[in-house]
Amino acid sequence: MADNIKLEVVTPEKYVVSEDVQIVMAPGTLGEFGILSGHTPFLTTLKAGSLSYKDNSGIDRALFVSGGFAEALPDKVIILAESAERRRDIDLDRAQQSLDRAQKRIDQKKENFDYERARISLQRAISRIGIVKTSI
Ligand code: ATP
């Protein structure tokens with residue numbers, strides 16, 4: 001079995017995860033990527049989505065991450081995200097309200113409407129809701 005790898009997820013506000021894990025799957029802007037111990041070092045930007053990992057007892061975990069960077073080193077993955085929440089910390093009502101707001105802005109297309117901002121906000125809300133509603 002492969003060695004564990006240290007996963008650290010940090011935002012400007014808080015330390016969200018710091019633990020030894022078996023594998024990490026993260027939402028890169030160029031697509032989802034997986035990291036195991038011994039990976040070739042690389043740096044990439046992140047989009048909003050689910051960061052999942054298998055903890056050191058083999059349990060699948062998921063958290064929401066949005067924006068920022070991921071740095072993979074042979075023995076460590078560092079996620080510096082704009083925001084991140086563990087599944088249990090996601091407020092489903094808040095995400096639903098955020099989704100409704102963004103959807104309304106997109107539907108109304110008012111003057112000075114920033115489509116890209118609304119689209120990214122919608123994406124964050126959909127990802128948060130998706131993580132809460134999946135079984136892991
Ligand atoms: P909202 O419109 O509800 O503020 P947002 O997608 O604009 O959502 P972010 O900019 O991603 O929010 O995050 C701002 C802060 O609020 C971060 O600290 C983030 O962890 C927290 N946050 C946002 N939405 C939720 C949620 N549904 N549950 C828990 N924390 C949240």
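Numbering of ligands and ligand atoms starts at 1, following listing order.
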Query raised in the report: Do other residues, nucleotides or ligands put more than 12 heavy atoms under 6.0 Å from the NZ atom of Lys76?
Result: no
**Report entry** For Leu73, the rest of its hydrophobic cluster, which grows through side-chain links under 4.5 angstrom
**Finding:** Val10, Tyr15, Ile78, Leu80
Query raised in the report: Do you reckon Leu92 sits in the same ILVMFWY cluster as Ile131, going by side-chain contacts under 4.5 Å, direct or chained?
Result: yes
Query raised in the report: Crowded around Arg86 CZ? As in, over 12 foreign heavy atoms under 6.0 Å?
Result: yes
Between ligand 1 and the protein, which N/O pairs are shorter than 3.5 Å?
| residue | atom | partner | partner atom | Å |
| --- | --- | --- | --- | --- |
| ligand 1 | 2 (O) | Ser98 | OG | 3.1 |
| ligand 1 | 2 (O) | Arg101 | NH2 | 2.7 |
| ligand 1 | 3 (O) | Arg94 | NE | 2.8 |
| ligand 1 | 4 (O) | Arg94 | NH2 | 2.9 |
| ligand 1 | 6 (O) | Arg124 | NE | 2.6 |
| ligand 1 | 6 (O) | Arg124 | NH2 | 3.4 |
| ligand 1 | 6 (O) | Arg128 | NH1 | 2.8 |
| ligand 1 | 7 (O) | Arg124 | NH2 | 3.1 |
| ligand 1 | 11 (O) | Ser83 | OG | 3.0 |
| ligand 1 | 11 (O) | Arg124 | NE | 3.4 |
| ligand 1 | 11 (O) | Arg128 | NH2 | 2.9 |
| ligand 1 | 16 (O) | Arg94 | NH2 | 3.0 |
| ligand 1 | 18 (O) | Glu13 | OE1 | 2.7 |
| ligand 1 | 18 (O) | Glu13 | OE2 | 3.4 |
| ligand 1 | 20 (O) | Glu85 | OE2 | 2.6 |
| ligand 1 | 24 (N) | Arg94 | NE | 3.3 |
| ligand 1 | 27 (N) | Asp91 | O | 2.9 |
| ligand 1 | 28 (N) | Asp91 | N | 2.7 |

Query raised in the report: Any side-chain heavy atom of Pro27 sitting closer than 4.5 Å to one from Ser50?
Result: no
Report task. Please work out which of the three classes, parallel, tilted or perpendicular, describes the rings of Phe113 and Tyr115, given edges at 30° and 60°. Result -> perpendicular
